[in-house]
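Reading through the structure tokens given below for one structure.
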Amino acid sequence: MEAYLILGLLALLFIGLITNKVRPELLFVLAAAICLFAGWIKPEKLLAKYSNETLVGLILLLQVSTVLERTHLLPLFSRTIIRKGSFSATMFRLTSITALLSSMLNNTAVVAAFMGIIKQNRHFAPSKLLIPLSYAAIVGGVMTLVGTSTNLIVNSFVVEAGLPSLGLFDFIWVGLPLAALIILYLVVAGRWFLPKQELEEANQQGDFFLEADVVQGSRLAGKSVAANGMRQMDYLFLAEIVRGDRLISPVTPEEIVYEGDSLVFTGDISQIQELLKYDGLELHSGIHAILRSNLQEVVVRHNAPIIGQQVKEAQFRTKFDAVIVAVRRGDNQLPGKIGELVLQPGDNLVLAVGNEFEKHENIRRNFVFLSEVELEDLLPPSQSWMAVAIFLGGIAVSAFGLLPLFQSMLLALFAMLGLGFVRIKHLKNSLNLGLLLMIGSSLGLAEVMTNYGADKVISDAILAITGSDSPQWALAGVFLATLFVTELITNNAAAALMFPIALATSQAMGLSYLPFVMAVAYGASASFLTPVGYQTNMMVFTLGKYRFTDFIKIGLGVSILYSIVVIWLLPQVFPF
């Protein structure tokens with residue numbers, strides 16, 4: 001009976017993850033708490049999951065990786081990517097360099113470093129390069145244990161189950177040919193299957209939505225939209241009017257404008273000065289001089305603390321000394337007042353920033369910057385290369401089995417602190433507490449599933465579909481189930497949900513656990529068909545002005561090739 005109650009809880013958790021109304025880590029914590037109060041897991045055992053050595057090692061690795069973001073490593077590579085000439089050569093350089101760097105660094109950091117230079121380039125439309133950037137980061141991340149947090153999460157489950165830890169380069173035997181094939185496909189097929197935008201159009205600040213208020217005493221009040229000249233604007237277009245609780249959309253030329261109306265415009269906000277000619281019309285901040293302020297274009301990070309907050313509740317002025325001027329999300333118009341929009345990962349914002357903006361240390365935690373602005377001094381070249389050497393040394397010590405990852409990363413972090421490469425307040429701002437909570441909670445859920453047989457119920461269902469006498473088909477079933485789940489929810493959540501099922505499937509068939517848990521690792525990162533399954537896809541979605549169908553057009557071939565290689569190679573590298 002308990003097994004089916006637990007499956008019901010997991011089903012609710014899965015629905016919550018799909019709807020994306022609540023942050024994933026909170027959903028996992030809530031599910032773990034329900035298990036605790038139901039008596040399915042003891043308090044001391046649940047608390048112990050959050051101090052799992054491999055999990056803490058993952059957090060330390062991410063902390064050390066943030067120091068590398070302040071070195072000259074990523075800027076050095078970024079300058080070599082885009083050159084005037086062959087599109088195929090540029091695509092090859094972009095995807096190869098991205099995959100190589102993502103095999104050792106956090107792949108979201110690599111994508112963040114390269115997004116700005118792609119957006120600002122004057123040789124190729126960003127829409128031709130941003131999806132390949134994300135895909136290359138994904139396949140690069142699956143080449144090593146430390147390339148993506150998903151692999152480290154799977155390893156946390158492996159160690160927690162009492163099995164030997166996965167090695168740093170266990171992933172490379174499948175990951176390297178996988179990356180090579182996907183890069184070749186992107187170079188050849190990218191020209192035809194990626195959306196084409198004119199370069200001039202791609203580099204405009206178009207398709208944003210900005211909001212302005214009709215103030216008391218404005219000469220616009222009492223006149224129609226046409227009479228106010230708002231149908232003859234050169235660069236902006238009046239898309240909606242918000243009047244109290246009422247939304248007027250579309251706006252007809254005969255619509256009367258009233259005091260207190262909020263006018264929502266779309267178009268090229270680089271020409272935002274066009275609003276100056278209208279008497280009594282102010283941006284929603286209420287500061288008309290903001291039109292002359294320093295504008296910075298940013299993308300909301302996938303794990304930003306401001307995600308899930310309404311714009312008006314995010315307290316931008318207090319937190320960042322900035323005000324949101326305009327918003328863009330994908331290719332869809334955002335209805336209603338900008339202040340009431342709930343911020344989502346990948347949202348493209350234009351901020352009007354004040355003099356203290358660059359001094360706020362939480363801006364890097366929330367935003368990827370596309371404008372050419374130096375927010376923080378890079379480490380000097382000598383210190384940059386020393387930081388890289390310390391990081392690689394820590395990885396090598398762990399790879400050769402001299403120290404566990406936890407201890408090697410702890411030593412690396414102490415060395416960087418001692419040399420002044422990073423300060424405690426930097427580590428505090430970059431600490432990913434949400435990831436720690438999600439993984440610790442999912443480790444608890446995995447134990448509950450195993451203890452009460454819920455994982456076996458699902459594995460039996462997979463074996464019934466694929467055939468209980470065929471290891472190859474069972475492996476394919478686990479991989480494809482993980483791939484399907486990761487297209488609907490985040491990659492880390494998919495790995496957390498599917499690992500117990502994969503382990504139970506291998507045990508039910510009396511086979512080695514390795515090919516099955518590796519199938520979960522590769523499958524959880526195989527998000528190529530939608531922008532929501534993987535954080536790097538979300539990061540480029542709005543910036544490239546993509547539609548969901550754009551990911552399907554180029555991603556379907558990538559997903560098929562990826563699946564064939566993984567299902568075929570895994571049993572060769574990790575025998576049953």
Side-chain angles (χ1 to χ4, degrees), residues 65 73-74 76-83 86-119 121 124-144 146-151 171-172 174-195 299 302 346 368 486 491 521-522 524-531 533-541 543-544 546 550-551 553-563 565-566:
S65 296
L73 181 65
L74 293 177
L76 176 65
F77 278 104
S78 69
R79 288 192 291 269
T80 67
I81 289 176
I82 300 179
R83 304 173 190 165
S86 167
F87 171 77
S88 296
T90 296
M91 178 73 82
F92 179 76
R93 282 194 301 272
L94 170 67
T95 52
S96 299
I97 291 174
T98 300
L100 175 64
L101 292 173
S102 296
S103 68
M104 283 296 173
L105 302 178
N106 187 315
N107 51 16
T108 57
V110 176
V111 171
F114 292 167
M115 283 168 59
I117 193 171
I118 291 175
K119 174 69 164 54
N121 94 92
F124 306 100
S127 61
K128 285 288 188 182
L129 299 174
L130 286 168
I131 283 181
L133 170 68
S134 176
Y135 287 177
I138 292 173
V139 296
V142 298
M143 289 199 291
T144 67
V146 299
T148 173
S149 58
T150 306
N151 292 352
F171 291 83
I172 203 167
V174 175
L176 185 59
L178 190 61
L181 184 62
I182 298 304
I183 288 172
L184 178 62
Y185 176 81
L186 290 172
V187 171
V188 174
R191 188 180 298 274
W192 291 283
F193 292 110
L194 287 163
V299 173
H302 72 283
V368 176
T486 203
N491 54 314
Y522 287 112
S525 290
S527 181
F528 304 106
L529 296 178
T530 73
Y534 204 88
Q535 54 262 32
T536 57
N537 288 350
M538 290 189 288
M539 290 168 68
V540 304
F541 176 51
L543 187 62
Y546 294 120
D550 293 328
F551 282 84
K553 288 177 184 177
I554 184 68
L556 183 60
V558 173
S559 189
I560 291 172
L561 287 174
Y562 187 104
S563 300
V565 171
V566 170

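The distance from atom OG of Ser102 to atom CE of Met143, rounded to the nearest 0.5 Å, is 8.0 Å. Rounding to the nearest 0.5 Å places OG1 of Thr95 at 13.5 Å from OH of Tyr185. Once rounded to the nearest 0.5 Å, the distance linking CG of Leu129 with CG of Leu186 reads 11.0 Å. Taken to the nearest 0.5 Å, the OG atom of Ser527 stands 7.5 Å off from the OH atom of Tyr135. Separation of atoms NZ (Lys128) and CE (Met91) is listed at 7.5 Å; rounding is to 0.5 Å. For the atom pair Leu130 CG and Asp550 CG, the distance stands at 11.5 Å (nearest 0.5 Å).
Looking only at distances, no side-chain donor or acceptor of Lys553 sits under 3.5 Å from a matching main-chain atom of Leu194. Ser103 contributes a side-chain N or O that, together with a main-chain N or O of Leu100, makes up a donor-acceptor pair within less than 3.5 Å. The backbone N or O of Ala521 sits nowhere less than 3.5 Å from a side-chain atom of Thr150 that would complete a donor-acceptor pair. A donor-acceptor pair is defined here as one N or O able to donate and one able to accept, closer than 3.5 Å; such a pair exists between the side chain of Thr486 and the backbone of Ala524. The backbone N or O of Ala89 sits less than 3.5 Å from a side-chain atom of Ser86, completing a donor-acceptor pair. Remark: the backbone N or O of Gly140 is not paired with any side-chain donor or acceptor of Asn107 at under 3.5 angstrom.
By the neighbour-count criterion of 12 heavy atoms within 6.0 Å, atom CZ of Phe92 is sparsely surrounded, having that number or fewer from other residues, nucleotides or ligands.
The shortest side-chain heavy-atom distance between Tyr546 and Pro531 does not fall under the 4.5 Å cut-off. Within the 4.5 Å cutoff, the side chain of Tyr522 has heavy atoms near those of the Val142 side chain. At a threshold of 4.5 Å between non-hydrogen side-chain atoms, the residues Pro126 and Leu543 do not count as touching. Leu181 places none of its side-chain heavy atoms less than 4.5 Å from the side chain of Val139. Counting heavy atoms from C-beta on, the side chains of Ile118 and Leu133 come closer than 4.5 Å.
Taking both residues in full, the closest heavy atoms of Met539 and Thr108 are given as CE-O, 3.6 Å, listed atom of the first, atom of the second, then distance. Taking every heavy atom of both residues into account, Phe114 and Leu101 meet most closely at CZ-CD1, 3.7 Å. Nearest heavy-atom pair, Asn151 versus Thr144, reported as atom, atom and distance to 0.1 Å: ND2-O, 2.8 Å. Nearest heavy atoms, Phe551 versus Val540: CZ-CG2, 4.4 Å. When every heavy atom of Ala99 is checked against every heavy atom of Ile183, the shortest pair comes out as CB-CD1, 4.1 Å. Nearest heavy atom pair, residue Ala137 against residue Val111, reads CB-CG2, 3.5 Å.
For Ser525 and Asn491, the side-chain atoms include no donor-acceptor pair closer than 3.5 Å.
Of the candidates Tyr534, Phe193, Tyr562, Phe528 forms a ring pair (Phe, Tyr, Trp, His ring centres under 6.0 Å) with just one, namely Tyr562.
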